[in-house]
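Quick notes on the structure that follows.
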Amino acid sequence: MKKVYSEFILGDMRAYYVQDGDTGSMELVLLPADRAYEVSYREKPYPDSLVQVKLAGDSYAGGYAGGRTMRQSVSVQNLVFEGQEVKDEGAEDGEWETGGTVICTSFSDKRGYRYRHYLVWKKGKKSLLSHTEFENASGQAADLEMLSSFSLGGISPFVGADESGCFMLHRIRSVWSMEGRTESQLLEDLQLEPSWGGHAARCERFGQVGSMPVNGYFPYAVVEDVKSDIFWGAMICHNASWQMELYRRGDEAALSGGLADYDFGHWMKTVAPGETFVTPTAILSVCRGGGIEEISQRMTAALEEAVDKGPESEQTLPLIFNEYCTTWGCPSHENICAILEAVRDKGFSYFVIDCGWYKQEGIPWDVAMGDYRVSKELFPDGLDKTVKAINDHGMKAGIWFEIDNVGERAESYRDTAHLLQRNGAPLTTSMRRFWDMRQEWVQNCLEERVIGTLEKYGFSYMKMDYNDTIGVGCDGAESLGEGLRQNMEASLAFIRKVKERVPGIILENCSSGGHKLEPLMMGECSMASFSDAHECEEIPIIAAALHRVTLPRQSQIWAVIREADSPKRIVYSIANTFLGRMCLSGDVTRLTDAQWDVIDRGIAFYKKAAPIIKDGYSRLYGPKVVSWRHPEGWQCLVRTQGGVEHEKKDGLLAVFHSFNGAHDGALEVPLPADGTYRIEEVYSDAEADVTVEDGRLVCRIPEDMRAVAVLAEKI
């Protein structure tokens with residue numbers, strides 16, 4: 001017989017700790033605060049556990065679980081509930097650890113292993129933080145093969161036995177230059193229906209293996225109870241291999257996740273007697289209604305506090321100029337000075353010198369990184385003169401590094417004693433090898449080459465690129481996966497050292513565009529390169545999709561302007577940046593006054609829209625766009641001022657994009673029902689027909705591949 005052991009109201013969420021009377025297993029059930037959990041609803045033949053662990057040598061679960069999941073193993077069955085501590089504090093200093101509730105649930109087993117699961121809520125938040133600690137209080141080493149950051153059970157207590165079509169799994173896929181595509185599937189389509197005899201475990205395990213944490217999927221999952229309109233969401237904060245698991249061995253489902261386990265990511269961790277291992281943090285939330293936009297933005301809002309504490313200059317979302325799509329990896333003092341004159345007094349706050357500043361004569365930029373000696377050919381007087389020119393034009397100077405990697409033409413490429421190894425050989429991809437970030441020698445070397453360059457020349461912005469992945473892992477630890485985890489932990493430690501040594505530095509998180517857009521790195525950085533789709537038609541599709549997994553104020557979107565661009569094309573490019581942070585590049589030294597007029601109007605519009613981009617709530621409208629590469633149809637991103645954790649305000653931003661065919665030219669989206677709106681300003685390449693009609697915003701776009709942006713206010 002199961003019973004509710006404890007219950008907590010955490011803002012508009014309710015956490016139930018439900019204990020099975022036969023096994024003692026403790027399950028975590030999250031519900032909207034206005035919904036009650038009925039413990040007598042039905043008994044579960046396979047009670048779940050809020051801690052999922054697998055120790056080497058312990059038996060796997062039955063039901064053909066081997067190779068598919070490590071959940072519910074004998075390691076879990078050995079857990080004995082010890083107790084629960086709750087800490088409630090005032091909300092004075094704004095830290096996650098205070099101003100809310102910390103729930104610590106403890107377990108042990110007969111071998112002397114101790115487990116502590118933490119669920120943390122901060123006052124005013126609509127999300128929770130979850131992690132697990134493993135303490136080895138035995139007399140011998142323990143080998144962890146899996147330890148979850150979270151496990152949510154009881155999904156869903158409002159669906160009857162054998163009801164079908166009631167559950168959906170929403171995931172967000174990611175491939176290079178097409179990041180952020182939402183995938184929604186019924187559990188039946190994933191073959192997660194219970195079997196006739198309840199025997200075989202059903203599990204959909206997915207994730208990412210390697211040092212690009214958003215290469216394949218985002219560390220994100222949402223489970224929807226379609227019948228009750230309830231959404232459970234989770235995101236994992238980790239910069240290496242991770243996994244999520246949707247598990248079902250009865251009528252209800254469980255969602256868990258954390259580090260990629262031994263089967264999935266070749267991860268095993270030896271914990272010595274007296275040592276403790278802590279999992280990555282997961283962000284959790286639950287809500288009723290609002291679709292996946294609501295549950296997603298509840299989770300991304302967890303990062304607002306960290307970003308608010310970032311550099312002061314970032315709080316107004318200033319404009320960036322990056323010269324990469326102007327010089328294509330060949331920046332020089334001469335061409336940078338020409339660019340600076342072209343963008344003088346245009347309103348840019350940051351000027352970023354991208355890749356190539358270090359390349360030696362005859363060696364391409366993408367195989368030369370690692371040594372980082374300033375090119376005498378490109379910068380004969382050094383970088384001092386160039387940085388001064390940037391500063392003299394009223395901008396902060398930024399510079400590009402690929403910190404962790406070395407190119408095949410760099411001297412460092414042959415320094416194999418300080419590079420990662422796998423199976424005794426240097427870990428090599430097509431053009432790169434990787435520093436062993438765990439080594440003190442490497443940390444000291446990078447302090448000199450990276451931090452030394454920032455300090456010497458007075459750079460206040462650093463773009464951190466990362467153009468390949470380590471894959472499953474590296475030598476030097478108990479397992480390849482643990483080697484990877486340690487290396488990426490050391491990489492993060494170096495980034496934190498940069499922030500310590502260069503106070504107030506603006507950090508751009510870039511991994512071939514969008515492959516490091518996970519919450520841990522996003523919490524450390526001011527912004528990120530949203531994608532490498534620099535000049536593609538699909539930019540607005542990617543940029544709008546990413547509102548579900550990143551804060552738009554952190555999503556740097558490029559407008560690459562070419563001298564042959566028509567006003568229509570320029571507006572299409574500039575309007576894309578209203579979906580995040582504006583970054584300009586391209587043929588700026590060869591544009592006409594008429595072209596600059598279109599850009600200038602867009603910059604002025606962006607500055608007015610910035611408060612809504614910074615603090616807003618997004619809704620995406622339009623038919624499904626099947627091909628992102630060759631888009632047909634239309635979309636409109638409507639963002640209202642005031643996010644999910646903020647008081648609603650009066651501003652509204654709508655960004656319309658028509659694609660190819662499949663629309664009649666009259667694009668309509670609903671306006672918020674809490675007031676009447678009037679149009680304040682429209683940005684387009686020509687006179688745009690935009691009206692407010694019966695609670696709808698109507699934009700008539702007679703042409704394909706055209707953009708119209710609208711600012712409106714409530715009256």
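All values reported here derive from a predicted model rather than from experimental measurement.
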Quiz item: Measuring from Thr550:OG1 to Arg548:CZ, what's the distance to the nearest 0.5 Å?
Solution: 12.0 Å
Quiz prompt | Check: Glu538 main-chain N/O paired with Arg629 side-chain donor or acceptor under 3.5 Å | solution = no
Quiz item: Minimum heavy-atom separation for Ala234 to Met299, with atom names?
Solution: N-SD, 3.3 Å
Quiz prompt | Short side-chain donor-acceptor distance under 3.5 Å, Thr327 and Glu323 | solution = yes
Quiz item: Do the non-hydrogen side-chain atoms of Trp176 and Met212 ever get within less than 4.5 Å of each other?
Solution: no
Quiz prompt | N/O donor-acceptor pair under 3.5 Å between Lys499 side chain and Glu524 backbone | solution = yes
Self-check item: Heavy-atom check, side chain of Lys607 versus side chain of Leu319, under 4.5 Å
Solution: yes
Quiz prompt | Parallel, tilted or perpendicular: rings of Phe351 and Phe321 (30°, 60°) | solution = parallel
Quiz item: Under 3.5 Å, is there a donor-acceptor pair between the side chain of His547 and the main chain of Leu579?
Solution: yes
Quiz item: Would you find a donor on one side and an acceptor on the other, under 3.5 Å apart, between the side chain of Glu304 and the backbone of Leu551?
Solution: no
Exercise. State, without any angle test, whether Ser627 and Glu632 hold a side-chain donor-acceptor pair at a distance under 3.5 Å.
Key: no
Exercise. Measure the OG-CD1 distance between Ser149 and Ile283 for me, rounded to the nearest 0.5 Å.
Key: 11.0 Å
Practice problem: Find out whether Val655 and Pro540 are in side-chain contact, i.e. whether some heavy atom of one side chain is under 4.5 Å from a heavy atom of the other. | Solution: no
Self-check item: Under 3.5 Å donor-acceptor, Glu179 side chain and Ser177 backbone
Solution: yes
Quiz item: Rounded to the nearest 0.5 Å, how far does CD1 of Ile320 lie from CE of Met395?
Solution: 12.0 Å
Practice problem: For residues Ala221 and Leu169, report the shortest heavy-atom separation together with the two atoms involved. | Solution: CB-CD1, 4.4 Å
Quiz item: Taking Trp232 for the side chain and Leu30 for the main chain, is one N or O donor matched with an acceptor at less than 3.5 Å?
Solution: yes
Quiz prompt | Option from Lys125, Arg298, Glu294 for which side-chain hydrogen bond (donor to acceptor under 3.5 Å, both in side chains) with Ser285 holds | solution = Arg298
Quiz item: According to the interplanar angle, ranging from 0 to 90°, do the rings of His266 and Tyr262 count as parallel (below 30°), tilted (30 to 60°) or perpendicular (above 60°)?
Solution: tilted
Quiz item: Taking NZ, NE, NH1 and NH2 as the nitrogens, is one of them in Arg432 or Asp404 under 4.0 Å from a carboxylate oxygen of the other?
Solution: no
Self-check item: Distance-only polar pair, side chains of Tyr621 and Glu668, donor-acceptor under 3.5 Å
Solution: no
Practice problem: Given side chain to side chain contact (heavy atoms under 4.5 Å, CB included), test Ser211 with Leu484 step by step and report yes or no. | Solution: CA-CA 7 Å; Ser211 52; Leu484 171 68; 4.0 Å; yes
Quiz item: Passes side chain to side chain contact (heavy atoms under 4.5 Å, CB included), Gln208 versus Trp242? Steps please.
Solution: CA-CA 6 Å; Gln208 182 280 143; Trp242 59 269; 3.4 Å; yes
Self-check item: Distance (rounded to the nearest 0.5 Å) between Ser531 OG and Ile542 CD1
Solution: 4.0 Å
Quiz prompt | Closest approach of Gly258 to Ile236 (non-hydrogen atoms, all atoms of both residues) | solution = N-CD1, 3.3 Å
Exercise. Using atom types as modelled and distance alone, determine if a side-chain donor or acceptor of Ser573 lies under 3.5 Å from a backbone N or O of Arg569.
Key: yes
Quiz item: With a 4.5 Å heavy-atom cut-off, do Pro552 and Arg639 have their side chains touching?
Solution: yes
Practice problem: Scan side-chain atoms only and decide if Ser684 and Arg706 contain a donor-acceptor pair under the 3.5 Å cut-off. | Solution: yes
Quiz item: If we ignore angles and hydrogens, is there a donor and acceptor under 3.5 Å between the side chains of Asn467 and Ser512?
Solution: yes
Quiz item: So, for Phe264 and Gly207, which heavy atoms are closest and what is the spacing to 0.1 Å?
Solution: CZ-N, 3.6 Å
Exercise. Verify side chain to side chain contact (heavy atoms under 4.5 Å, CB included) between Trp558 and Tyr324, making sure each step is shown before the conclusion.
Key: CA-CA 11 Å; Trp558 285 36; Tyr324 177 67; 3.8 Å; yes
Quiz item: With sequence neighbours excluded, what pairs up with Glu408 under the side-chain hydrogen bond (donor to acceptor under 3.5 Å, both in side chains) test?
Solution: none
Quiz item: Is the backbone of Arg171 close enough, under 3.5 Å, to the side chain of Glu183 for a donor and an acceptor to pair up by distance?
Solution: no
Quiz prompt | Spacing of CE belonging to Met462 relative to SG belonging to Cys510, to within rounding of 0.5 Å | solution = 12.0 Å
Self-check item: Shortest non-hydrogen contact between Pro280 and His238, atoms and distance
Solution: CG-ND1, 3.7 Å
Quiz item: Can you find a heavy atom in the side chain of Met488 that is under 4.5 Å from one in the side chain of Ile470?
Solution: yes
Quiz item: Are Pro219 and Met235 close enough that some pair of their side-chain heavy atoms sits under 4.5 Å apart?
Solution: no
Self-check item: Result of checking Tyr358, Tyr372, Phe494 against Phe401 for ring pair (Phe, Tyr, Trp, His ring centres under 6.0 Å)
Solution: Tyr372
Quiz item: Should the pair Tyr606 and Phe578 be assigned to parallel (<30°), tilted (30 to 60°) or perpendicular (>60°) ring geometry?
Solution: parallel
Self-check item: pair Trp628-Pro631: side-chain heavy atoms closer than 4.5 Å
Solution: no
Practice problem: Evaluate the side chain to side chain contact (heavy atoms under 4.5 Å, CB included) criterion for residues Lys396 and Phe348: first the C-alpha distance (whole Å), next the side-chain angles of each, then the deciding distance (0.1 Å), finally the verdict. | Solution: CA-CA 9 Å; Lys396 295 178 183 289; Phe348 294 97; over 6 Å; no
Practice problem: Give a yes or no on whether the backbone of Val214 and the side-chain of Ser174 come within a donor-acceptor separation of less than 3.5 Å. | Solution: yes
Quiz prompt | Flag, side chain of Ser296 to backbone of Glu293, donor-acceptor distance under 3.5 Å | solution = no
Quiz item: Do the side chains of Ile539 and Ile557 get nearer than 4.5 Å, heavy atoms only?
Solution: yes
Self-check item: Atom pair CD/CD1 of Gln641 and Ile612 - distance to nearest 0.5 Å
Solution: 5.0 Å
Quiz item: Do you know which two heavy atoms are closest between Phe459 and Ala397, and how far apart they sit?
Solution: CD2-O, 3.5 Å
Self-check item: Ser526 versus Tyr461, side-chain donor and acceptor atoms under 3.5 Å
Solution: no
Quiz item: Can Thr69 and Tyr247 be counted as having a side-chain donor-acceptor contact under 3.5 angstrom?
Solution: no
Quiz item: Cut-off 3.5 Å, side chains only: do Arg619 and Gln297 have a donor facing an acceptor?
Solution: no
